[in-house]
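Structure, as structure tokens:
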Amino acid sequence: MLRTTAVRSAQLTRGTWSVVVAAQFPSAPVEGTKTGTGRTVRYFAVPVASSDAGGAGGFTVTGAPAEVTGPGEARTGASRFTTALPDDGALATSLGEFFNAYLVGVGEVSRYLAPGTRLEPVRGAGYASVDVEEVLAESDEAEGAVPVDGTRIRVRVSVRAVDAAGGRWPLTYELSVTSRSGRWEVSALRSGADAAAGAGAVGGAGK
């Protein structure tokens, strides 16, 4: 197995879910050779239950997986993020520093958060560096200079994380950012899905 990714989940009862995991495998060798033609993806439904030990929100696999067909494509509404922000702008620069603290551990995450926002850095991912590739905003208020204090907008950020082995990981986040004292601060972190598709706050951040 080369890589696994959770692609869908459904709540079965209170505290239990079925999570569909995509698993990438090397393809079987071609007849008469020792190598395969590439990679293949298979899908497995895994039963999990919330353990919530010590309030940590952990999960436990409660049974053997079942191989299933892959999920179909879902239709989503038009994106609310229509304004591309400059790579060298104040917001993109601030977000680059934030993600290096959040994902890599360069500096303290708290210095990039708005007052009252709490967010723990990602630990154990093994990322060596992170670069912001694209920042899309729901309005043009973040295109130029930082606006007056209290201005809050939502942005979708695409980053490329590189691990210690040189592997590249494309990641996408939706955030709310708020202006304060001439700088942008992160006031909420959400999943990578566009808000039009029903994204919700995660990671303990938000106010």
Side-chain angles (χ1 to χ4, degrees), residues 6 9 11 50 52 54-58 74-163 168-207:
S9 65
Q11 188 169 11
S50 174
D52 201 24
R75 295 183 178 181
T76 61
S79 175
R80 72 193 319 171
F81 304 104
T82 56
T83 302
L85 302 183
D87 296 339
D88 58 353
L91 181 52
T93 300
S94 178
L95 289 173
E97 296 172 352
F98 163 74
F99 279 110
N100 269 282
Y102 180 60
L103 296 173
V104 183
V106 179
E108 296 292 331
V109 173
S110 58
R111 67 177 296 186
Y112 304 105
L113 303 180
T117 302
R118 298 181 301 278
L119 182 66
E120 292 297 321
V122 173
R123 304 186 188 280
Y127 297 129
S129 65
V130 173
D131 290 316
V132 173
E133 295 194 311
E134 183 182 55
V135 181
L136 298 175
E138 63 179 354
S139 73
D140 59 3
E141 291 181 280
E143 283 189 293
V146 180
V148 297
D149 286 8
T151 301
R152 178 167 171 155
I153 64 170
R154 287 187 178 181
V155 295
R156 186 174 65 194
V157 186
S158 298
V159 304
R160 183 184 70 251
V162 180
D163 60 30
R168 297 171 180 266
W169 298 78
L171 307 171
T172 302
Y173 297 86
E174 182 190 328
L175 304 95
S176 290
V177 293
T178 305
S179 61
R180 186 172 74 97
S181 301
R183 55 176 287 181
W184 289 104
E185 297 175 325
V186 174
S187 49
L189 172 67
R190 294 175 171 81
S191 62
D194 194 320
V202 297
K207 183 176 172 61

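Atom set for the values below is all heavy atoms of this structure, side chains included, hydrogens, waters and symmetry mates excluded. Fair warning: this is a prediction, and the values are worked out from it, not measured in the lab.
E143 contributes atom CD, which lies 6.5 Å from atom CG of L85 (distance to the nearest 0.5 angstrom). If you take CG on L136 and OG1 on T172, they are separated by 9.5 Å, rounding to the nearest 0.5 Å. To the nearest 0.5 angstrom, S179 atom OG is 5.0 Å from W184 atom CH2. Separating the CG atom in L91 from the CZ atom in F98 is a distance of 11.5 Å, to the nearest 0.5 Å. If you take CG on L189 and OH on Y173, they are separated by 7.0 Å, rounding to the nearest 0.5 Å. Atom CZ of F81 sits about 4.0 Å away from atom CD of E174, to the nearest 0.5 Å.
At least one side-chain heavy atom of L175 sits less than 4.5 Å from a side-chain heavy atom of F99. L119 has its side chain within reach of Y102: a pair of non-hydrogen atoms, C-beta onward, lies under 4.5 Å apart.
The two atoms that bring A90 and V146 nearest to each other are CB-CG2, 4.0 Å, heavy atoms only. Scanning all heavy atoms of the two residues, the minimum distance from A101 to G107 falls at CB-O, 3.9 Å. The two residues G182 and D149 have their closest heavy-atom pair at N-OD1, 4.2 Å. For the pair V157 and V155, the tightest heavy-atom approach, listed with the atom from each and the gap, is CG2-CG2, 3.9 Å. Closest non-hydrogen pair, E108 versus R111, comes out as O-CG, 3.0 Å.
A salt bridge links R180 to E185: one of the charged nitrogens lies within less than 4.0 Å of a carboxylate oxygen.
In terms of the side chain to side chain donor-acceptor pair (under 3.5 Å) criterion, D87 has no residue partners (sequence neighbours excluded). Residues meeting the side chain to side chain contact (heavy atoms under 4.5 Å, CB included) test with T178, sequence neighbours left out: R152, S187.
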Name every donor-acceptor pair, under 3.5 Å, that has one atom in a side chain of residues 126-135 and the other anywhere in the protein, sequence neighbours excluded.
{"residue": "D131", "atom": "OD2", "partner": "R160", "partner atom": "NH2", "Å": "3.2"}
{"residue": "E133", "atom": "OE2", "partner": "R160", "partner atom": "NH1", "Å": "2.6"}

